Amino acid sequence: MMHLRKGIALNTLIYVLSDVIVKAIPFFLIPIVTRYLTVEEYGNVSLLLTLVEVSTIFIIMGGHNYYRYKYFKENSHKDLILVPLILSTLVFVIFQIVSLSLFMWFSQISFYVFLPLVAFFQSICALVVCKFQMQQQPMKVALVNVSLAIFSFISTAILLHFNFGYAGRVNSIILTPVVVGFCVALLLLRSAKFEWKLVSVEFGRCLSFGVKSVLTSVSWWLRGGMDRIIIQYVLGSTMLGLFAVAMQLSLVISVISLAINNSIMPRIFKLVNSNEYFGLAKLVVISFAVILFSACSFFIVSPFMFKFILPSSYLEAQGFLVPILFGVLAHSLFLVGCNIVTAMGRPAVLSTVAILGAFIHMLLSFVLAKMYGIDGLLWSSSLSYIISSFILLPSLFKRNSILEV
């Protein structure tokens, strides 16, 4: 038992450290990119990254979730990873045909014709990461994620140095998952053996299971990715660029919040299972206090960061920090509630609240952006997380919540 605890603690530490490294590398890229790209171009890059995220969700088609579901099942096959890979390949071909057809009619979409290709190789990376996670090999997971971050940093810096500007940054976004994804795909295909019987039996099940899980993935994207599309549509690329750089800088606090959440998660499960609710409340208060202190400290030093890291054209983004930091705090509380509900064995409640909260957030973002501009959209995140937390409350205090019924 002691050996098991040490293994879990070590794996957790590796995941946290690798996540910090992966998030820190784009942070150091900010002063480089902002000196070569205008605010509007930075906004267009942010929109492209958002579209890559949602395209990856649809191309992977929940296959990684099916792999997790089947991995520890009886008679599970070690080559099962090829089934979601084949599913992603077929979806990619369909998406790429559609994309090329649109490009023939609308040549101005230029870089967007590569979206299915980028998303496909991004999905391969996600599948390989999923495989390593299930095999409890956090170092290999870290290697894939850090490789993506480092290649993106180096390729972007080189292309910008040679004055490729906006096109250079976009080409880096395209090249990074393609190069890294191709390398890990070779490793995947070398270690797995194709069996027609396995694929014929599992493919339909993988598709059915994956389609059902896509909605949950989309719900999480709607909270973050949809904000950028709304800003682009309602307020324009320049405002999106300011928003994106403020979000990138505040990622420091998001990483701290998620690291704390990952650290206390096992303790939350233990306290819920033993009905130690006083200890649970104490744990929540202390962890939130640490995140709050970190957010306040970041806000105090943020003027120096904006002054010495960013060009003067980006300084307006400093005014976005207060609502963004409030959103991080509200998100941290909502995450704790999600962990408690999961520990209580109520995944149906969590899925329902996540999807409902995402649509509430999307509606609030659009309406408030129309009424109050960027300020309204920024505060919509905090408001939607607070509303979602209140919806989650009944399941925290009642044996059967209304949503479960």
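Position 1 is the first residue of the sequence, and the numbers go up from there. What you see is a predicted model, and the numbers here were worked out from it, not measured in a lab.
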field: Point-to-point distance, once rounded to the nearest 0.5 Å, from OG of S313 to CG of L37
entry: 10.5 Å
- line: Separation between CD1 (I94) and OG (S99), nearest 0.5 Å, reads 13.5 Å
query: Side chains of Q318 and L310: closer than 4.5 Å at any heavy-atom pair?
result: no
field: Nearest-0.5 Å distance, NE2 of residue H361 to CD1 of residue I230
entry: 7.0 Å
query: Quick one: does R228's side chain get under 4.5 Å of M247's, heavy atoms only?
result: yes
- prompt: Counting only N and O atoms by type, is there a donor-acceptor contact under 3.5 Å from the side chain of S46 to the main-chain atoms of Y42?
  reply: no
query: So do L325 and F298 actually touch side chain to side chain, heavy atoms under 4.5 Å?
result: yes
message: I need the minimum non-hydrogen distance between V184 and C125, along with the two atoms involved.
response: CG2-SG, 4.2 Å
- prompt: CD1 of I391 to CG of L356: how many Å apart, nearest 0.5 Å?
  reply: 4.5 Å
- prompt: What's the verdict on side chain to side chain contact (heavy atoms under 4.5 Å, CB included) for L364 and I387, showing C-alpha distance, side-chain angles and the deciding distance?
  reply: CA-CA 11 Å; L364 282 174; I387 293 172; 4.1 Å; yes
query: Above 12 or not: heavy atoms from other molecules or residues under 6.0 Å from CZ of F288?
result: yes
- request: Look at the side chain of S208 and the backbone N and O of R205, then say whether any donor-acceptor pair between them is shorter than 3.5 Å.
  value: no
field: Qualifying residue for side chain to side chain contact (heavy atoms under 4.5 Å, CB included) with I25, from I21, V22, L29
entry: I21
- prompt: For L378, does its backbone N or O pair with a side-chain atom of S381 as donor and acceptor, under 3.5 Å?
  reply: no
query: Can you tell me how far NE2 of H64 sits from SG of C206, rounded to the nearest 0.5 angstrom?
result: 10.5 Å
- request: Looking only at non-hydrogen atoms, find the nearest pair between I30 and T34 and report the distance.
  value: O-OG1, 2.8 Å
statement: Looking only at heavy atoms, the pair that brings I340 and L280 closest together is CD1-CD2, 3.9 Å
Worked check of side chain to side chain contact (heavy atoms under 4.5 Å, CB included) between F114 and V52: CA-CA 10 Å; F114 294 101; V52 168; over 6 Å; no
query: Which class fits the ring pair F120 and F92: parallel under 30°, tilted 30 to 60°, perpendicular over 60°?
result: parallel
- prompt: From Q122 CD over to T56 OG1, what is the distance, rounded to the nearest 0.5 angstrom?
  reply: 5.0 Å
Between E202 and Y66: side-chain donor-acceptor atoms closer than 3.5 Å: yes
message: Determine whether M239 and F243 satisfy the following criterion, side chain to side chain contact (heavy atoms under 4.5 Å, CB included), listing intermediate values before the conclusion.
response: CA-CA 6 Å; M239 195 60 69; F243 171 81; 5.8 Å; no
message: Give me the atom names and distance for the closest heavy-atom approach of G168 to L159.
response: O-CD1, 3.1 Å
- prompt: Under 3.5 Å, side chain of Y314 to main-chain N/O of T38, donor-acceptor pair present?
  reply: yes
field: Residue F299 excluded, over 12 heavy atoms near CZ under 6.0 Å
entry: no
query: Within a strict 4.5 Å, meaning less than it, do heavy atoms of the N163 and Y36 side chains meet?
result: yes
field: Short side-chain to backbone donor-acceptor contact, S88 and I59, under 3.5 Å
entry: yes
task: Please work out which of the three classes, parallel, tilted or perpendicular, describes the rings of F58 and F95, given edges at 30° and 60°.
output: parallel
field: Side-chain donor/acceptor of Q96 to backbone N/O of V113, under 3.5 Å
entry: yes
Could you list the donor-acceptor pairs under 3.5 angstrom formed between side-chain atoms of residues 142-158 and any protein atom two or more places apart in sequence or on another chain?
residue, atom, partner, partner atom, Å
N145, ND2, V141, O, 3.4
S147, OG, L143, O, 2.5
S155, OG, F151, O, 2.7
S155, OG, S152, O, 3.2
S155, OG, S172, OG, 2.6
T156, OG1, S152, O, 2.7
T156, OG1, R169, NH1, 3.0
T156, OG1, S172, OG, 2.8

- prompt: Does S123 reach the main-chain N or O of I60 with its side chain, forming a donor-acceptor pair under 3.5 Å?
  reply: no
Y233 side chain near F366 side chain, heavy-atom distance below 4.5 Å: yes
- prompt: At their closest point, which heavy atom of P84 faces which heavy atom of Y67, and how far apart are they?
  reply: CG-CB, 4.5 Å
- prompt: Given side chains that start at C-beta, do those of L160 and I32 come closer than 4.5 Å, heavy atoms only?
  reply: yes
- prompt: Is the closest side-chain heavy-atom distance between I229 and L51 below 4.5 Å?
  reply: yes
- prompt: Are side-chain heavy atoms of I386 and F334 found at a separation under 4.5 Å?
  reply: no
- line: Of all heavy-atom pairs linking S237 and N44, the shortest is OG-OD1, 2.9 Å
task: Please test V234 against L377 for side chain to side chain contact (heavy atoms under 4.5 Å, CB included), starting from the C-alpha separation and ending with a verdict.
output: CA-CA 10 Å; V234 178; L377 184 139; over 6 Å; no
